[in-house]
> 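After the structure tokens below, expect a handful of questions from me.
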2 protein chains.
Amino acid sequence: MKYSKQRELILKTLQENVIHPTADEIYHLARKEMPSLSLATVYRNLNQLAENHVIRKIESLDGSVHFDHNLCNHYHFICTKCHKVYDVPYDVAPDLANKVLAKTGLWVENFDISFKGICQNCKKFN
Amino acid sequence: MKYSKQRELILKTLQENVIHPTADEIYHLARKEMPSLSLATVYRNLNQLAENHVIRKIESLDGSVHFDHNLCNHYHFICTKCHKVYDVPYDVAPDLANKVLAKTGLWVENFDISFKGICQNCKKFN
DNA sequence: GCAAAAATAATAATCATTATCACTTTTATG
DNA sequence: CATAAAAGTGATAATGATTATTATTTTTGC
């Protein structure tokens, strides 16, 4: 990977955002700083960064795709109302990969664990 | 929900398939029996059945959407080579919802837990 | 400095899914 | 049984997210 201003900005934008933004959200945020930025560039770089394990791709339950700069083991909670993505610490269920191996013989390389419900913020306004 | 031949066939097709097919796969399978069946009808019915909790929608890690007739608590293992979806029994990690609640205060209504790796069948042909 | 490799912006193309709509089937009721 | 309202269907157009293409620009090792 060669250096590029665009990639640096895209990564910075993701890292500054706690909300696990989508490609489109990153596009709009980053364009404030670099109006010439192209949507295709955002997609290209996010996928590239994910392939190189610099960031992580999250497939949400509603089919939307979010990105996460946090590479440590953890899970996600996705609000069914506002679609925000929250982090759930790994110690809720550590060592799942080993348990799957023991039970099924299947070797887990990666996992995507998301819980679904209404977040505390949205519950307030019910 | 009123009765319809099409919905009955779509459900039967899903139940007879162990492989957690996609909408398109169900479309092609069911058309063998009812060639006039429309793709839109398949999508409409699968979503309707999922909303009514007769079947379950699975969002795979690669973004593809599969359907599952098994409503019991269980997880999935998705092969990164052949994209088949396997079942992993719930007792690998029971009571996750309660653990999330205890740790984060977030109320889990549903979850989507998929593990990723290469299945035993694909490993044979490496 | 300069050529090769990689990246970009803009936009066209793709692909899964959903919306629309004229028509048909189901079903409750008299 | 007749019938009308509600729900469902098939065909296809529309949508929306993502990817491919391409001419041009940047980066980087020598």
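Quantities reported herein were computed from a predicted structural model and do not represent experimental measurements. Numbers restart at 1 for each chain; the letters A, B, ... are given by sequence-line order, proteins then strands.
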> Of all the choices, C:dT8, D:dA6, D:dT9, which nucleotide is nearest to the side chain of A:Ser4 once you look at every atom?
C:dT8

> Let me check something: do B:Leu101 and A:Phe115 share a hydrophobic cluster, defined by ILVMFWY side-chain heavy atoms less than 4.5 Å apart, either directly or through other members?
no

> Any side-chain N or O of B:Thr41 below 4.0 angstrom from OP1/OP2 of D:dG10?
yes

> Does A:Asn47 have a side-chain nitrogen or oxygen under 4.0 Å from the phosphate oxygens OP1 or OP2 of D:dT19?
yes

> Of the nucleotides C:dT17, C:dA7, D:dA7, which one has an atom closest to the side chain of A:Arg44?
C:dA7

> Counting heavy atoms from C-beta on, name the nucleotide in C:dA4, C:dT8, D:dG10 closest to the side chain of B:Ser38.
D:dG10

> Any heavy-atom pair between the side chains of B:Tyr75 and A:Thr104 that's under 4.5 Å?
no

> In the single-linkage hydrophobic clustering (I, L, V, M, F, W, Y; side-chain heavy atoms under 4.5 Å), do B:Tyr90 and B:Val108 co-cluster?
yes

> Quick one: is C:dT25 close enough that its OP1 or OP2 comes under 4.0 Å of any side-chain N or O from B:Gln6?
no

> Looking at C:dT8, C:dT26, D:dT18, which one has an atom nearest to any side-chain atom of B:Tyr3?
C:dT26

> Can B:His76 and B:Asp112 be said to form a side chain to side chain donor-acceptor pair (under 3.5 Å), step by step?
CA-CA 8 Å; B:His76 293 109; B:Asp112 184 27; 5.1 Å; no

> Can you tell which of C:dT26, D:dT18, C:dT11 lies closest to the side chain of A:Tyr43?
D:dT18

> Can you identify which nucleotide, out of D:dT9, C:dA4, C:dA10, has its nearest atom closest to the A:Lys2 side chain?
C:dA4

